[in-house]
Amino acid sequence: MALGSADVREQIGTGTEVIEADHASALPGFQDAHCHPAQAGNNMLRVWLNDDANQTAYLDHIGRYAAEHPEEPFIVGGGWAMEAFPGGTPRKEDLDAIVPDRPVFLFNRDVHGAWVNSKALQLAGIGRNTPDPGDGRIERDPRSGEPSGTLHEGAAYSFNDRYVPLPDTKAWQNAIRTAQQHLHRLGITGWQDAWVTPATLEAYRALAASGELTARVVGALWWDRHAGLEQLDTFLAQREIGRVGNFYPTTVKIMTDGVLENFTGALLEPYCDGCGGTTDNSGLTYIDAEQLAAAVSLLDRNGFQVHMHAIGDRAVRNCLNAVEAARRVNGANDLRHHIAHVQVIQPEEIPRFAQLDVVANCQPFWAQHEPQMEELTIPYLGELRSERQYLFEDLRRSGARLAMGSDWPVTTADPLKEIEVAVRRISPDHRDTPAFLPEQALALETALSAFTAGSAFVNHDPDGGILRVGSRADLTLLDRDLFADAVLPADATVTMTVAAGKVVYDGSSTR
């Protein structure tokens, strides 16, 4: 309705609630360009390990949950960190000791692997002679060859799809409600869900129809890596029936590779062995370059935005080549394709983002020195490739458009913590550590814009990410001025969140 003190005061009536922000910040509502609220909410209602610090805490939590829920035939959840275990791979024996009678399946924090017990392996018939799937790996004991309790990538996904009891529509609705409440508390008024399945699509539709979905959400429909271009008809139907209220299933998500920590991120050159030598493993591509180009071209021609996961430099190149192929056959458009994560980028690829009008969808919290980076990433990338990680400032300088997301629950969903890492390249929880490639730090204005206007751009939301008369009233109120001297972003606290003019979170004890 109005901006600025004088114009705002003209709108005040006898029933108007007036909030004096003093020296605080009133910002556009944050938007998360890449997160997984349905899966996060489901884990929050089951075994939520994200807030636990180590292996002992994980086992205490799992054992306590199992004891409190004897009626559950399957213990499900996730959120464990790879660095809490030797080599990043937990073992079945630890789970067997606390839950010997029921299968246990727990995705790790980045959802690229799972920790399982012996009952789960027996249920799936996974044994010493079970071959690895083409898109994953079964971790094995080096002495006996028996499955040791960790399933990587496709081995975990196929187990989850075939054996884990999945939530029904009502349970998914409850999970999304739980996640939405958490995100609103952090000042987030919109997001792109990067993993929408038929079941979560139906849950989103129901919540949007009932008015319970108070955020504006873009749904990225999940590309099945085991199927082909025939999936288009399903996506067209899902887009047609799924568009309800403020839910927009207009994007397709394609996983093109894995992650570096389990050696499935796709690299142009082989991984190092951590001891000064090299291996013969260059990672996995879940959809080869030619198929990816065909898929992106087909989706582009049918009006879908394409959201691509790319961690390794080979994956990033394949994604850019796929968009280039689509531009060549379909011409330019405004679909706003984007590549998420972009962890390792070769210098020659950086200008191609702007040239091809591809958005760099950055997850800034990862760009810091922390145990996973130090123990499971840098030794296996080597020095040169390690210095080509998360090149946010190089991308910005080249003219690339930046959006930001958290990949929650992989890392914190808190935009203020994410932004602090983007501008300092240091963990907000360990501010005395050295900066990680500090020359790639962004200005505060740039990072804040990426988590508001940049993500709103990706989400085709012209009313989002900006404070402007006539736009939708998405607002985040902080308790301090982010641009004041000696203020770091993570020191601020969200005190109120307004989505489409409705107060969806009020953290004040006086109102």
Side-chain angles (χ1 to χ4, degrees), residues 34 110 112 134-136 152-154 157 194-195 220-229 231-232 251-271 280-301 304-330 333 335-363 380-381 384-385 388-391 394-395 398 400-401 403 407 458:
H34 180 109
D110 65 15
H112 286 267
D135 60 347
H152 298 288
E153 299 291 340
Y157 299 146
W195 191 354
L221 307 172
W222 188 254
W223 178 274
D224 182 352
R225 68 180 68 162
H226 302 295
L229 302 182
Q231 297 177 76
L232 175 65
T251 300
V252 173
K253 165 74 175 300
I254 302 178
M255 292 280 294
T256 72
D257 70 340
V259 293
L260 302 179
E261 294 75 29
N262 65 10
F263 315 115
T264 59
L267 298 176
L268 291 166
E269 300 294 336
Y271 284 88
D280 58 0
N281 174 27
S282 298
L284 299 176
T285 50
Y286 298 138
I287 174 170
D288 68 36
E290 185 176 340
Q291 291 174 317
L292 181 62
V296 173
S297 296
L298 180 67
L299 294 167
D300 178 89
R301 186 161 62 249
F304 284 100
Q305 178 186 73
V306 186
H307 181 159
M308 291 166 278
H309 163 116
I311 291 284
D313 51 7
R314 177 159 54 103
V316 172
R317 178 173 294 178
N318 287 349
C319 290
L320 290 167
N321 288 346
V323 175
E324 184 175 33
R327 298 276 187 253
R328 191 162 51 244
V329 297
N330 299 331
N333 56 45
L335 291 173
R336 308 177 188 181
H337 304 313
H338 47 122
I339 304 175
H341 312 321
V342 290
Q343 181 167 350
V344 182
I345 313 176
Q346 291 298 321
E348 61 268 27
E349 310 299 346
I350 289 173
R352 298 181 69 198
F353 282 82
Q355 293 164 6
L356 294 168
D357 198 22
V358 173
V359 179
N361 188 335
C362 307
Q363 284 60 62
Y380 302 98
L381 279 181
L384 182 60
R385 283 185 302 207
R388 292 174 177 167
Q389 293 186 84
Y390 306 120
L391 304 182
D394 284 355
L395 286 163
S398 75
R401 189 183 293 269
D407 206 9
V458 158

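The structure displayed is predicted, hence computed values, not measured ones.
- Counting only distance, with no hydrogens or angles, the side chain of K253 and the backbone of A220 share no donor-acceptor pair below 3.5 Å.
- Heavy atoms only, all atoms of each residue included: G136 and L284 are closest at N-CD1, 4.1 Å.
- With respect to D313 and R388, no salt bridge is recorded, no charged nitrogen being found less than 4.0 Å from a carboxylate O.
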Assess whether side chain to side chain contact (heavy atoms under 4.5 Å, CB included) is satisfied between F353 and V316, documenting all intermediate values. CA-CA 10 Å; F353 282 82; V316 172; 4.2 Å; yes
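- Rounding to the nearest 0.5 Å gives a distance of 7.5 Å between CZ of R317 and CZ of R352.
- Judged by distance alone, with hydrogens and angles left aside, the side-chain atoms of T256 form a donor-acceptor pair with the main-chain N or O of H309 at under 3.5 Å.
- Pairing each heavy atom of H307 with each of A340, the nearest pair is NE2-CB, 3.6 Å.
- Nearest approach of A289 to N318, heavy atoms of both residues: CB-OD1, 3.8 Å.
- Put simply, the side chain of R327 gets close to the backbone of L356: a donor and an acceptor are under 3.5 Å apart.
- With sequence neighbours excluded, the residues forming a side chain to side chain contact (heavy atoms under 4.5 Å, CB included) with W223 are L229, Q231, F235, V252, I254, I287, A295, L299, listed by chain and number.
- Checked by atom type and distance alone, the side chain of R314 pairs as donor or acceptor with a backbone atom of S282 at under 3.5 Å.
- Between the T251 side chain and the V306 main chain, no donor and acceptor come within less than 3.5 Å of each other.
- For the pair Q305 (side chain) and V458 (backbone), a donor-acceptor distance under 3.5 Å is present.
- One N or O on the side chain of Y271 and one on the backbone of G265 form a donor-acceptor pair closer than 3.5 Å.
- In this structure, R401 places its CZ atom where only 12 or fewer heavy-atom neighbours from other residues, nucleotides or ligands lie under 6.0 Å away.
- Put simply, the side chain of N361 does not reach to within 4.5 Å of the side chain of I339, judged on heavy atoms.
- You'll find the side chain of V358 stays beyond 4.5 Å of the side chain of M308, heavy atoms only.
- Annotation: the span from Q346 atom CD to L391 atom CG amounts to 9.5 Å, rounded to 0.5 Å.
- Across N262 and E153, no two heavy atoms sit closer than the pair ND2-OE2, 3.4 Å.
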Assess whether side chain to side chain contact (heavy atoms under 4.5 Å, CB included) is satisfied between I345 and D394, documenting all intermediate values. CA-CA 10 Å; I345 313 176; D394 284 355; over 6 Å; no
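- Of all heavy-atom pairs between E261 and D110, the closest is OE1-OD2, 4.2 Å.
- For D224, the side chain to side chain donor-acceptor pair (under 3.5 Å) test picks out no residue, with sequence neighbours left out.
- Every residue two or more places apart in sequence or in another chain was checked for a ring-ring contact (aromatic ring centres under 6.0 Å, His included) with H337, and none qualifies.
- In this structure, Q343 and I311 have side chains that are in contact, with non-hydrogen atoms separated by less than 4.5 Å.
- Remark: the backbone N or O of S297 is paired with a side-chain donor or acceptor of N330 at under 3.5 angstrom.
- Across all their heavy atoms, A266 and T285 have their closest contact at CB-CG2, 3.7 Å.
- Using a 4.5 Å heavy-atom cutoff, the side chains of M255 and W222 are in contact.
- Contact annotation: the side chain of Y157 approaches that of H112 to within less than 4.5 Å [non-hydrogen atoms, C-beta and beyond].
- Salt bridge absent: E269 and R385 never bring a charged side-chain N and a carboxylate O closer than 4.0 Å.
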Kindly indicate, with the supporting measurements, whether the criterion side chain to side chain contact (heavy atoms under 4.5 Å, CB included) is fulfilled by E324 and Q355. CA-CA 9 Å; E324 184 175 33; Q355 293 164 6; over 6 Å; no
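- Side-chain contact between V344 and L260 is present, with heavy atoms from C-beta onward closer than 4.5 Å.
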